[in-house]
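All residue numbers refer to positions in the sequence shown, counting from 1.
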Amino acid sequence: MRTNDEMARLQAAVRALGDVDVSAWPEATLKEQLGELSATLVTLDALLTRVAEGVRGRGLRVEEPVSA
């Protein structure tokens, strides 16, 4: 089912982002990659906003999960 594939891809993206730790990058590397990193973060923000607005547009809420 397409929805399951999309959810799996979203979860894979979350796992991939969870592995990113820019605090461990050398200063020179961070400065060298800053333009690309900034563009990536802006694009990510826009895409996440689009998905969240699609949910809200259907009258539903995007909420933080309640931790057990």
Side-chain angles (χ1 to χ4, degrees):
M1 177 178 229
R2 184 171 184 228
T3 304
N4 289 338
D5 292 341
E6 290 171 341
M7 285 303 302
R9 289 177 22 219
L10 285 170
Q11 291 166 351
V14 168
R15 285 190 301 276
L17 285 170
D19 292 340
V20 176
D21 180 8
V22 295
S23 68
W25 294 9
E27 191 74 16
T29 301
L30 183 57
K31 287 180 180 178
E32 181 182 300
Q33 297 293 321
L34 191 55
E36 187 176 353
L37 177 61
S38 295
T40 300
L41 291 172
V42 167
T43 301
L44 240 143
D45 181 58
L47 292 171
L48 289 171
T49 298
R50 179 184 58 83
V51 172
E53 286 175 353
V55 171
R56 291 183 190 112
R58 303 223 14 215
L60 301 169
R61 293 181 55 173
V62 176
E63 299 178 355
E64 284 191 50
V66 177
S67 55

Side-chain donor-acceptor distances from residues 18-26 under 3.5 Å, at least two apart:
| unit_1 | atom_1 | unit_2 | atom_2 | d |
| --- | --- | --- | --- | --- |
| Asp21 | OD1 | Ser23 | N | 3.2 |
| Asp21 | OD1 | Ser23 | OG | 2.4 |
| Asp21 | OD2 | Ser23 | OG | 3.4 |

How is the hydrophobic cluster of Leu17 composed, in terms of its other members, when Ile, Leu, Val, Met, Phe, Trp and Tyr link through side-chain heavy atoms under 4.5 Å apart, directly or indirectly? Leu44, Leu48
Besides Val62, the hydrophobic cluster formed by Ile, Leu, Val, Met, Phe, Trp and Tyr side chains linked at under 4.5 Å, directly or via other members, contains Val55, Leu60
Taking only residues at least two apart or on different chains, which pairs with a member in residues 27-36 satisfy side chain to side chain donor-acceptor pair (under 3.5 Å)? none
For Val51, all residues meeting side chain to side chain contact (heavy atoms under 4.5 Å, CB included), sequence neighbours excluded: none
Scan residues 37-56 for pairs that pass side chain to side chain donor-acceptor pair (under 3.5 Å), counting only residues two or more places apart or in two chains. none
Residues in salt bridge (charged side-chain N to carboxylate O under 4.0 Å, His left out) contact with Glu63, at least two apart in sequence or another chain: Arg61
